[in-house]
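Structure first, then comments.
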Amino acid sequence: MNKPAPIRSVAVIGRDSDAWLTALLLQRSLAKQTQENSEPPMSVTLVELPSHTLPQDVITTLPTQRLLHQLLGLPENNVLQSSGGVPSLGYHYAGWGGDSSGRFQLYDNAGASIDRLPFFHYWNRARQRGLNTALHEFSLAAAVARRGKTLRLNDDIHGFAGGAFSGTNYAYNLSAPAYLKGIALLALDAGVRHIVAEIASVDTGDGSIESVQLNGGQTMHADLYIDASGTGELIDRLNKGNFERWNHWFPCDRALVANIPRLRPLPALNRISALPSGWLGLYPLAARTGVLLPFHSESASPEQILQTAQKMTDGQLQQPQLRTLNTGVRSTPWQGNCIAVGGSAASLDPIKGLQMQVLHTSLSYLLSLFPAHNHGDYDVERELYNHRFYKHVERLRDFQLAGYLLNQRAEPFWRQCAEAPVPPSLADKIELFKARGNVPLQEHEPFDEPTWQSLFTGCGLIPESYHPLADQVPDAQQIEFFQEILHFVAAQAKQMPDLESQW
Amino acid sequence: MAEKIKIAIVGGGTAGWMTAAALAGIATDKVCELILVESEAIGTVGVGEATIPAIKEFNDRLGIPEAEMLQQTKATFKLGIEFRGWGKPDTSYIHPFGTFGQPVAGTDFHQQWLRFLSSSSLRESVGLPRDLPPLEAYSLAVQMCRAGKFAFPQASDRSAIDPIESSFAYAYHFDAGLYARYLRRYAEQRGVQRIEGRIQHVSQNPHSGDIQALHLESGQQVRADYFIDSSGFRSLLLGQTLGVKYQSWNHWLPCDSAVAMPSARDAVLPPVTRSTAQAAGWQWRIPLQHRCGNGFVYQSSLINDDEASDSLAASLKTPAIGDPRIIRFEAGKRACSWYKNCIAVGLSAGFLEPLESTSIYLIQIAIVNFLKLLPGTTPQPQLAREFNRLLDLEYERARDFIILHYHLNPRTDSELWRYCQSMSIPDALRLRIDAFRKRGHIEQYRHGLFAPPSWLSVFAGQGVTPARVEPLATQVDPHKAAQALSTQAQTIRQCVATMPSSREFIQGLCPESVAEEMPA
């Protein structure tokens with residue numbers, strides 16, 4: 001092995017959680033003095049652009065955020081307390097089916113398998129024979145949420161007589177400004193250099209960034225540039241043309257952001273209510289409740305939307321503000337020596353709160369593919385990063401899109417959503433599910449098969465047939481097993497901590 | 001209760017009886033009715049005597065008692081494959097059914113090993129020996145192979161990092177004919193109806209084109225909802241009847257022939273399959289309890305059958321106990337495995353040479369996916385489409401892994417090797433090689449057999465040295481990493497020292513067949 005110079009400097013240019021989490025992670029993971037090189041360790045400089053975070057913003061996560069926090073050495077209680085956060089068990093969707101029935105998306109999986117055949121297939125068979133207990137009723141999260149309780153954090157569930165219970169899971173709602181402040185303090189403490197500025201100009205050459213002029217007159221030189229601006233401000237200077245817009249699938253182009261007071265009792269689920277030309281999301285926090293109302297600006301005016309929001313929150317709406325949404329993905333988020341992460345790489349529709357997952361995904365690929373040297377030949381790393389990231393984000397998109405496509409509302413906005421072209425990757429999933437309840441998984445998938453099954457079930461899809469192996473267990477035994485699960489989740493739920501007193 | 005489906009299996013080789021046994025054992029007679037048609041007049045290919053650890057899952061799932069199976073199929077244990085002459089001349093490496101070392105502070109073990117390998121000053125500064133032990137010193141499975149030892153792996157305790165004692169899995173060398181016979185008994189006991197007879201004609205539904213019935217020479221007709229084609233290379237239903245085309249991969253895998261010749265048993269019963277590269281191909285050795293399976297895979301344009309047979313015979317360490325048998329093949333697969341109401345399992349679906357013992361695995365994975373997507377009486381094309389997608393991935397990825405061996409082999413003693421070094425390889429494989437060559441990066445895929453340790457063994461064994469270590473690995477305290485390396489190698493040495501020889505281990509389980517002569 002020869003010894004060219006390793007990467008010595010990284011400039012993270014961006015704002016908000018994308019920028020601060022990236023800088024913190026790079027500093028913690030890659031900026032230690034190493035014995036191999038006598039040179040100083042890699043430096044991480046954060047050029048902080050003006051924030052886009054509003055005081056009303058809520059960060060929603062997936063359960064995997066806990067792993068990111070573990071990697072960063074952040075204890076769960078500290079994170080939740082310092083950012084006014086609460087654990088979240090999933091979502092309750094109201095009105096999406098065009099009637100009063102609710103849809104649920106829980107981080108838990110339902111039930112338990114028998115003879116290695118997953119629970120879903122037994123449930124599917126039973127439903128075709130008249131069972132009318134919804135799939136989510138077989139998960140602990142539903143039982144817990146209904147009782148106004150929450151899960152004991154970091155605790156496995158034991159004692160299910162029928163074998164291994166499929167387990168529980170939770171994510172977080174975090175108050176964006178408080179979370180951001182906490183991460184920023186940690187990043188500075190870890191040694192991230194910090195410059196507050198705006199980009200004046202970018203010198204590019206040969207498809208790479210040579211330097212970045214800041215508006216204070218300073219010039220940034222770095223081996224690698226990370227675009228964490230949330231909007232692609234940096235990578236756009238290299239290639240503006242590679243942003244694929246997704247507005248034909250996600251027509252909401254504006255959103256109202258606001259607050260209402262804390263909900264009492266505190267719900268364990270976020271509530272997403274469909275409206276004639278958008279939807280309203282309520283995200284519980286410890287001291288307030290985040291309100292988000294994305295809408296299609298050609299179908300409703302901001303005044304109408306504000307009125308709707310006021311009405312739906314009993315006139316308690318505070319600090320309403322508007323924001324523009326621009327959903328889409330960058331097909332090549334890594335170009336030359338510039339790597340887009342988070343919102344700069346893909347900006348998702350706000351449904352299901354997956355934007356933090358985009359950042360998490362880009363950071364895990366960035367860490368595992370971080371260039372070993374600064375010769376500027378990043379072909380292999382770039383190809384792997386771009387391919388994996390794009391595929392991963394496409395699956396996140398499909399997951400979001402299913403809810404819009406499979407709505408059963410009559411308004412023109414919702415008909416437009418339902419009639420949008422279905423991408424082949426999602427069509428394959430829907431078709432196999434409709435045929436038999438199985439879901440094909442691609443190589444880079446953030447969600448497992450039970451999660452997709454519960455999504456499609458929640459959207460009202462009913463498989464035409466059931467797995468023949470579900471016939472193996474006698475009916476009486478299956479009924480007994482179902483009852484056992486329901487008793488088990490009820491008994492477990494009773495013992496779970498009360499959400500209102502805990503948070 | 002839904003209507004039972006009727007499944008007819010054509011062919012009673014390993015593929016046919018594995019399918020029959022799995023369907024009978026898992027789907028029972030409540031779900032399907034099973035008929036297997038075979039003719040004793042038609043031989044089976046049955047050289048696939050070396051398996052991979054998935055076979056144990058298959059047997060366990062069916063509730064097959066291991067000791068009984070070992071006795072009846074004359075099996076020995078297998079911990080990996082030794083490749084001789086595939087890297088530098090006169091070198092040997094082992095592709096183990098196990099890992100190389102344990103992660104160090106969240107980084108891949110091989111990255112830490114490469115880190116020390118690349119810098120003598122770093123080794124010195126942390127007190128590691130001047131000559132770093134080879135990668136295989138950190139693989140318990142490889143060390144067991146080298147020492148000819150065997151023991152069962154310790155059950156994993158589901159903690160974050162498995163202990164070294166559970167860092168491997170095992171498979172078997174067995175007599176595939178005896179295994180098929182064993183499964184036949186199992187299947188027949190569970191209600192599979194066996195029909196002896198030759199198929200004269202296959203009739204199709206004139207409208208749908210589905211297979212309707214098998215017409216036997218005896219005049220008997222066998223009707224079914226689904227037909228499993230396990231007819232071997234003939235591909236009687238999928239290929240001949242339904243006309244699904246064969247896609248050749250011989251531009252990547254030019255060997256097209258094999259000669260097989262059993263010899264008297266190797267009394268040591270080594271726990272490893274051996275593959276030795278030759279000018280015109282490669283030779284296998286598979287030790288069973290009662291004999292040794294040998295074969296030579298070659299490119300027929302470089303060497304004729306007689307020369308191949310002679311070359312194989314001359315290399316045998318124990319006397320030959322049978323005549324040479326020539327097998328012709330072409331690497332490739334049918335455009336799809338499931339077409340209309342016919343599902344091909346085994347050689348009727350595709351063929352890959354036995355370099356990585358994938359034949360029985362490819363049968364198994366077809367069965368596993370068929371069970372996952374088990375159809376009902378009403379046809380649903382979505383099930384076939386998903387089955388074909390999964391099987392394509394399995395075949396292509398296994399193929400790429402085999403191509404890797406040929407492509408990396410630096411031999412220049414025949415046109416075969418010179419061609420393989422310079423041929424253009426599949427893009428996905430090109431990228432995997434580039435990623436390893438550049439930074440030791442190996443991606444784990446969701447669908448497909450070979451996990452990162454398998455790729456690592458071949459890369460390292462055939463001389464691909466990464467240009468650089470991943471930056472994350474260099475962030476680990478080198479003292480801590482060096483300590484981990486030393487401790488792991490020592491634990492492995494201690495483990496191996498206390499294990500019985502593979503021969504003694506088999507003797508304990510199958511006292512009758514191994515007891516006679518002790519090795520000299």
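Letters A, B, ... mirror the listed sequences (proteins, then strands); counts begin at 1. Every heavy atom of this structure was used, including side-chain atoms; hydrogens, water molecules and symmetry mates were not.
With hydrogens and angles disregarded, no donor-acceptor distance shorter than 3.5 Å links the side chain of B:Glu470 to the backbone of A:Leu369. Here the side chain of B:Gln382 pairs no donor or acceptor atom with the backbone of A:Ile430 at under 3.5 angstrom. Judged by distance alone, with hydrogens and angles left aside, the side-chain atoms of A:Arg436 form a donor-acceptor pair with the main-chain N or O of B:Leu374 at under 3.5 Å. A donor-acceptor distance shorter than 3.5 angstrom exists from the side chain of B:Arg439 to the backbone of A:Phe370, with no hydrogens or angles considered.
Here the CD atom belonging to A:Glu443 is positioned 7.0 Å from the CG atom belonging to B:Leu393, to the nearest 0.5 angstrom. Taken from CG in A:Leu384 to CG in B:Leu431, the straight-line distance is 4.5 Å, to the nearest 0.5 Å. Note that the NE2 atom of A:His373 and the CZ atom of B:Arg468 stand 4.5 Å from one another [nearest 0.5 Å]. A distance of 6.5 Å separates NZ of B:Lys372 from CG of A:Asn438, quoted to the nearest 0.5 Å.
Pairing each heavy atom of A:Ala372 with each of B:Pro471, the nearest pair is CA-CG, 3.7 Å. Smallest separation of non-hydrogen atoms from A:Pro440 and B:Arg389: CB-NH2, 3.6 Å. Residue A:Val380 comes nearest to B:Asp434 through the heavy atom pair CG2-CB, 3.8 Å, listed as atom of the first residue, atom of the second, then distance.
For B:His447, the parts lying under 4.5 angstrom from a heavy atom of chain A are both the backbone and the side chain. Residue contact with chain B, scored on non-hydrogen atoms closer than 4.5 Å, involves the backbone and the side chain of A:Leu432 alike. Using a 4.5 Å cut-off between heavy atoms, B:Leu383 contacts chain A through both its backbone and its side chain. For B:Gln475, the parts lying near chain A are the backbone and the side chain together; criterion is any non-hydrogen pair under 4.5 Å. Using a 4.5 Å cut-off between heavy atoms, A:Ala470 makes no contact with chain B at all. With a threshold of 4.5 angstrom between heavy atoms, B:Leu390 does not approach chain A through any atom at all. Neither the backbone nor the side chain of A:Leu71 comes within contact range of chain B, judged by heavy atoms closer than 4.5 Å. Looking at B:Arg437, there are no atoms closer than 4.5 Å to chain A (heavy atoms on both sides), in backbone or side chain. The part of B:Pro375 that comes within reach of chain A is its backbone (N, CA, C, O), which places non-hydrogen atoms under 4.5 angstrom from that chain.
With chain B as the partner, the residue from A:Glu431, A:Glu381, A:Glu383 showing the most heavy-atom pairs under 4.5 Å is A:Glu381.
Ion pairing between B:Glu57 and A:Arg116 fails under the 4.0 Å rule for side-chain N and carboxylate O. A salt bridge is absent between B:Lys438 and A:Asp379: the closest approach of a Lys/Arg side-chain nitrogen to an acidic carboxylate oxygen does not fall below 4.0 angstrom.
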Derivation of the side chain to side chain contact (heavy atoms under 4.5 Å, CB included) call for A:Asp428 and B:Arg385: CA-CA 9 Å; A:Asp428 285 350; B:Arg385 201 193 312 149; 3.4 Å; yes
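A 6.0 Å sphere centred on OH of B:Tyr186 holds more than 12 heavy atoms belonging to other residues, nucleotides or ligands. More than 12 heavy atoms of other residues, nucleotides or ligands shown are found within 6.0 angstrom of CZ on B:Arg446.
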